[in-house]
Participant: 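Mind looking over this structure? Questions follow.
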Amino acid sequence: MVNINMMEYNFRSIEEKWQKYWREEKIYSASNTSNLPKYYVLDMFPYPSGSGLHVGHPLGYIASDIISRYKRNKGFNVLHPMGFDSFGLPAEQYAIKTGQHPKITTENNITRFKEQLDKLGLSYDWDREIKTSDSNYYKWTQWIFLKLYNSFFDVEKKKARCISELVIPDKLTNDEKVRFTDSKRLAYIDTIDVNWCEGLGTVLANEEVIGGLSERGGFPVIRKPMKQWVMRITDYADRLLEDLEDLDWPESIKLSQKNWIGKSSGAEISFYVDKENSIDVFTTRPDTIYGATYLVIAPEHPILDSIVTKDKKQLINDYRKVSSSKSDLERQENQKNKTGVFTGAYAVNPMTDKTIPIWISDYVLYGYGTGAIMAVPAHDERDYEFAKKFNLEIIKVIKSKDEFYSGAGEIINSGKYNGIESDEFKEIVSDFLEQTNKGKKTTNYKLRDWIFTRQRYWGEPIPILHSEEGTTGLEDHDLPLELPEVDSYLPTDDGLSPLARNIEWKSVTLKGKKYIRETNTMPQWAGSCWYYLRFLDPQNNLNFASEENINYWMPVDLYIGGAEHAVLHLLYSRFWHKVLYDLGYVNTKEPFKKLVNQGMILGNSAYIFRKTDQSGYVSSELKKQYDTQKILVDIKYVNERNELDIESLKKDNKQYNESTFEFAKSFIVEREVEKMSKSKYNVVNPDDICEKYGTDTLRMYEMFLGPLEQSKPWNTAGISGIHNFLKKFWKLYFDSNKLIVENSKPDDKSLKSLHRCIKKVSDDIESFSFNTAVSTLMITVNDLTAQRCRSREILEPLLIVLSPFAPHIAEEIWEKIGNNRSIVLSKYPKYNESYLLDSTKTYPVSINGKLRYKIELRTDLNKEEIEKEILSDKDFLKKLEGKTPKRIIIVPGKIINFVI
RNA sequence: GCUGAAGUGGUGGAAUUGGUAGACACGUUGGACUUAAAAUCCAAUGGAUAGUAAUAUCCGUGCGGGUUCAAGUCCCGCCUUCAGUACCA
């Protein structure tokens, strides 16, 4: 029999043992009532996709877990929950294909996700798990929707109030009163041009459209007028902008949100066409008004019909037809080659009283500002291009060398105002126009109201009933409004949501009155807008969370997630939170105090080269000899030296069976760093890494790879360094068959190593420098191994420092040396306090009993050592020649520099 | 185009307020142990030149300048890469 050494570092049994213990004893369940200070650490919860986790996903989870464990060790009551954003498109698309209910797909995926997460030894409080597709969760999503429906924005007080407090003008008829009320609601119905995505069969929010294509799937998006539920997020634009200031968020995210809100102040100016018609334009540069040589209005602008001259009607209508059929993507292609048509009409510049032509062009967007602009070709790049192309007049009104200039400066060609600075002139023009009723100062936002409906099945039903008199919200006691069963998950033939297929469900009779249910569902963002609140009190049936729990836990102290949610999720949840705040349901203005974005872990795809004549494959170094195409191969057939295992490849993939493989010494593939994804065959599964090296190794290695915020490629080869470290650590305290921990006093050297480690690791954790923290732990263990230090007095605090990174091995040793958790926590409450020498003190030092210098220390040398250092450097003493230096910089063994 | 972040060995990456550049790890090379391999341990490892050697000298943080006793770090001007954004008046 093989003699199994029982004291080897057996990570499998250790990890199994402790994960079971944590689960069964509910070690990480957080108490809602505690005298300890609270700390709420939240991960952006995942959508449970079918492909499971790859090594990139856990990065943020491990980081938040390290913080959670660290804060617990420091005496905080930590809330660290996890859940699933389980409504979403992939499950629905799978359902359309297979007929399987999305609920089943989703449940299966969640089970898989939880298994994988569990293996990572994350300290979640699973008692608080939530799923957005559970009816006892979306009951409250619907409840919040109704709060928005039943509220309006008080412009005076700049906050949301209950709709019953809305002042309705008395003179209105009953019908008009209803319409007036509806028009003020925070959730309202509007017919607007929406982003219609034929490929997905649904409407998308502006935020979900990137460059004219859908964010998911990359299908083309066109504009189409439709009736939609819309959220009045624009009312909150100012507050969403202002409150960014106080948040401890990455500057880049704050900036994206600022840009998205896109606040710009300027003036709205009226240009009269004739007695009845005037065109309002928005401009941020009223100071250039003397240079406005024409107007441009958007093709959709309603005033067009009443101003176009007869002879131009046909041309204009043709242009409108073409531009309305264009997708956003096609419109953008015109950026370099602008199109437009003259309307035949003229308007009067209110400052100069000059008559200028009116054009239409799709470079002016109907959705922004007033849908019309005054064109100042000399000082606006787009107007300049347009004027050049159509040969329109260009007048310079700000002094500059170039024909085109967009900056500020001295005003010219502006009548009696010449010589004034443009900033000052801006005010003068605005004031003049305001006084003469020809314009006013205004502010414009890029932010649009949030289109909230989706023509889909797998989402929260909107709790609204329609009747001839208008809309009615469901009562609280009718919630949740459960998703009905349908016979097909496709939209109906007439473009309605799949819910409309269930005719029985759709029609309701209440108190003898007939209603039709709203059949659209909410977008995926709805559930994630407020989930951080439900974690505080997930079982509560009376409220979305109790007031006490909200007051105790909010705000989220640390929120970790990917930067891809910079605008979408983070802006929407801030908006909902502010509404809840206004209505008195939450106690903080902002939900997330500190935000950290983890970087992406990239994959290392492998490519081989197929000869274009289909005669076989060649390796990377031979590709230049032939005409070839790049072909992806699964990285599981490639080893660390980039060699392809042709045998296995052929065995698993029949299409290669007959092919020839040409190579020099061995078949080398070409590597490329890309996003990790199934379709690139470059996915590394964390389960495999855990199986081979253990979870503690995976956790430490992911942190060791580089700075948390940075994107970096995964490289399995480097993992042995971390694994060796853990083995070394284990071996330091376990001889071949017994534990060796000494009770003797540690020597100074070991103490110094320990305390340097404590200080550095704590500082690193606080500043999210997990990679250097891991390095420090390695250095410390190397030191202790060299010093053969096995003192209990060193080991105990060291285990606490290690435990956030490698919790399993720390617990195991902890248990073996016979101590218990509660004693440790009280014994070392301030374990980050170090008694290392302060390294930058100023010491007076005398040399030869005569000179007295003030020495700035760069090291932890003591006074005697410094004097010795100076006296041994004869060159230095010679240079001094009796002068007194102001400053001397010394490092061990050398005087680096001095200032006399 | 605009905005933001970043360019350091063969690789991932360290470097407090400007103060011994390359910590820590991977890889590579050599050695020990072993019949052998694996595992483990030890040593060397930015480049160049000189020397048997210890060692010495010079050059080195994308490029070109500048400030300073001292610059990866600060200032000016470029180049490159990545990310976000895109006719927002």
Side-chain angles (χ1 to χ4, degrees), chain A residues 8 210-212 250-256 258-264 266-267 281-286 288 292 296 298 328 331-336 338 361-365 367-376 379-383 385-386 406 444-448 563-564 566-567 597 599-600 602 640-641 673 700-701 704-707 709-725 727-728 731 760 763 767 769 771-782 785 839-840 856 858-859 885-887 889-900:
Chain A
E8 276 287 294
I210 295 164
E251 280 309 313
S252 58
I253 299 285
K254 287 195 196 180
L255 199 80
S256 314
K258 270 182 211 164
N259 290 343
W260 192 263
I261 294 167
K263 181 175 183 171
S264 56
V281 304
F282 173 72
T283 178
T284 55
R285 298 294 301 272
T288 60
V296 187
D328 285 6
R331 278 196 175 203
Q332 279 166 28
E333 282 166 4
N334 281 346
Q335 207 156 331
K336 282 280 161 303
K338 296 193 165 31
S361 171
D362 60 7
Y363 87 86
V364 172
L365 307 176
Y368 182 78
T370 58
I373 60 154
M374 62 175 209
V376 185
H379 306 289
D380 181 286
E381 203 182 343
R382 293 148 302 173
D383 299 342
E385 276 171 31
F386 194 79
S406 61
N444 245 305
Y445 300 90
K446 251 158 79 174
L447 185 69
R448 307 283 80 181
E564 66 272 19
V567 277
N597 292 126
M600 224 188 308
L602 303 165
E640 282 151 15
R641 264 172 255 113
V673 173
M700 285 193 94
Y701 185 56
F704 182 69
L705 266 177
E709 291 92 339
Q710 196 176 301
S711 288
K712 55 241 157 187
W714 175 264
N715 170 21
T716 306
I719 206 166
S720 62
I722 300 290
H723 194 58
N724 285 343
F725 158 75
K727 281 198 274 189
K728 205 186 231 175
K731 266 170 64 181
K760 185 75 168 50
D763 289 351
S767 60
S769 272
N771 53 333
T772 51
V774 174
S775 295
T776 308
L777 283 163
M778 289 183 176
I779 294 167
T780 309
V781 168
N782 281 343
T785 306
S839 60
T840 50
E856 192 178 4
R858 286 278 156 202
T859 66
K886 284 177 196 147
R887 199 162 153 234
I889 293 167
I890 300 171
V891 296
K894 203 172 174 185
I895 294 172
I896 300 177
N897 225 317
F898 58 93
V899 180
I900 297 175

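Protein chains get the first letters and strands the later ones, always in sequence-line order, with residue 1 at the start of each. What you see below is based on every heavy atom in this structure, not just the backbone, and it leaves out hydrogens, waters and symmetry mates.
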Participant: With C1' as the reference atom in both, quote the distance from B/G65 to B/G84 in angstrom, rounded to an integer.
Facilitator: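 Pairwise C1' distance, B/G65 against B/G84, rounds to 32 Å.
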
Participant: Measuring only the C1' atom in each nucleotide, how far is B/A44 from B/G22? A whole number of Å is fine.
Facilitator: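 Roughly 16 Å separates the two C1' atoms.
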
Participant: Using the P atom in both, what is the distance from B/C74 to B/A6, to the nearest Å?
Facilitator: 10 Å

Participant: Return the nucleotide paired to B/U16: Watson-Crick means purine N1 to pyrimidine N3 with N6-O4 or O6-N4, wobble means G-U with N1-O2 and O6-N3, both under 3.5 Å.
Facilitator: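 Because no pair has both required distances under 3.5 Å, B/U16 counts as unpaired.
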
Participant: For B/A36, give the paired nucleotide (Watson-Crick: N1-N3 plus N6-O4 or O6-N4; G-U: N1-O2 and O6-N3; both under 3.5 Å), or none.
Facilitator: none

Participant: Do A/W714 and A/Y701 make a side-chain contact, defined as non-hydrogen atoms from C-beta onward lying under 4.5 Å apart?
Facilitator: yes

Participant: Does A/N444 reach the main-chain N or O of A/S264 with its side chain, forming a donor-acceptor pair under 3.5 Å?
Facilitator: no

Participant: A/M600 has an atom CE; how far is it from atom C1' of B/G12, in whole Å?
Facilitator: 18 Å

Participant: State which of B/A15, B/G12, B/U3 makes the closest approach to the side chain of A/F704.
Facilitator: B/G12

Participant: When the distance from NZ of A/K254 to C1' of B/G4 is rounded to whole Å, what number comes out?
Facilitator: 15 Å

Participant: With a 4.0 Å cut-off on heavy atoms, is A/P713 in touch with a base, just the backbone sugar-phosphate, or nothing at all?
Facilitator: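 Result for A/P713 = nothing.
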
Participant: Report which part of the nucleic acid A/D383 touches: base, sugar-phosphate, or nothing (heavy-atom distance under 4.0 Å, all strands).
Facilitator: nothing

Participant: Name the nucleic acid region contacted by A/N771, choosing base, sugar-phosphate or nothing; use a 4.0 angstrom heavy-atom cut-off, strictly under.
Facilitator: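 Sugar-phosphate: the residue A/N771, judged by heavy atoms under 4.0 Å, touches backbone atoms but no base.
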
Participant: Please report, rounded to the nearest Å, how far the P atom of B/G12 is from the CZ atom of A/F725.
Facilitator: 23 Å

Participant: Provide, to the nearest angstrom, the distance between the OH atom belonging to A/Y701 and the C1' atom belonging to B/C24.
Facilitator: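 Whole-Å distance recorded here is 13 Å.
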
Participant: Between A/F282 and A/I719, which is nearer to the 5' end of RNA chain B once each is assigned its nearest nucleotide?
Facilitator: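 Result: A/I719.
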
Participant: Between B/G1 and B/G12, how many Å separate the two P atoms, rounded to a whole number?
Facilitator: 28 Å

Participant: Using atom P of each nucleotide, how far apart are B/G9 and B/U73 to the nearest Å?
Facilitator: 15 Å

Participant: Heavy atoms only: give me the nearest A/M374-A/R285 pair and the separation to one decimal.
Facilitator: CE-O, 3.7 Å

Participant: Answer with base, sugar-phosphate or nothing: what part of the nucleic acid does A/S720 contact at a heavy-atom distance below 4.0 Å?
Facilitator: sugar-phosphate

Participant: Say we look at B/G18 and B/G31: how far apart would their C1' atoms be, to the nearest angstrom?
Facilitator: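 My reading of the C1' atoms in B/G18 and B/G31 gives 42 Å.
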
Participant: Under 4.0 Å, counting only non-hydrogen atoms across every strand here, what does A/Q710 touch: a base, just sugar-phosphate, or nothing?
Facilitator: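 A/Q710: backbone/sugar contact only, no base atoms under 4.0 Å.
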
Participant: Would you say A/K712's side chain and A/P707's backbone share a donor-acceptor pair under 3.5 angstrom?
Facilitator: yes

Participant: Could you tell me how far B/G60 sits from B/A21 if I compare only their P atoms? Round to whole Å.
Facilitator: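 Those two atoms are separated by 13 Å.
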
Participant: For A/K728 and B/C24, give me the distance from atom NZ to atom P, rounded to whole Å.
Facilitator: 10 Å

Participant: Please give, in whole Å, the distance from B/G13 P to A/W714 CH2?
Facilitator: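 So the CH2-P distance, A/W714 to B/G13, works out to 14 Å.
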
Participant: Between A/E709 (CD) and B/G13 (P), how many Å, whole number?
Facilitator: 13 Å

Participant: Need one value for A/S264: base, sugar-phosphate or nothing, where a base atom within 4.0 Å counts as base even if backbone is also close, heavy atoms only.
Facilitator: sugar-phosphate

Participant: Picking from A/T776, A/V774, A/T780, A/V781, what satisfies side-chain contact (heavy atoms from CB on, under 4.5 Å) with A/M778?
Facilitator: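 So the option named by the test is A/V774.
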
Participant: Just so I know, are the side chains of A/N782 and A/K728 near enough to count as touching, which here means a heavy-atom distance under 4.5 Å?
Facilitator: yes

Participant: Can you establish whether the number of heavy atoms outside A/E564 located under 6.0 Å from its atom CD is more than 12?
Facilitator: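 Count over threshold, so yes.
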
Participant: Side chain of A/K712 only, heavy atoms from C-beta on: which candidate in B/G4, B/G13, B/A89 is closest?
Facilitator: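 Among the listed nucleotides, the one closest to the side chain of A/K712 is B/G13.
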
Participant: Between B/A23 and B/A5, how far apart are the two P atoms, rounded to whole Å?
Facilitator: 29 Å

Participant: Categorize A/N724 for me: base, sugar-phosphate, or nothing, with a 4.0 angstrom heavy-atom threshold over every strand shown.
Facilitator: sugar-phosphate

Participant: I want to verify a distance call: between B/U40, B/C24, B/A89, whose nearest atom is closest to the A/K731 side chain?
Facilitator: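 Closest nucleotide among those given: B/U40.
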
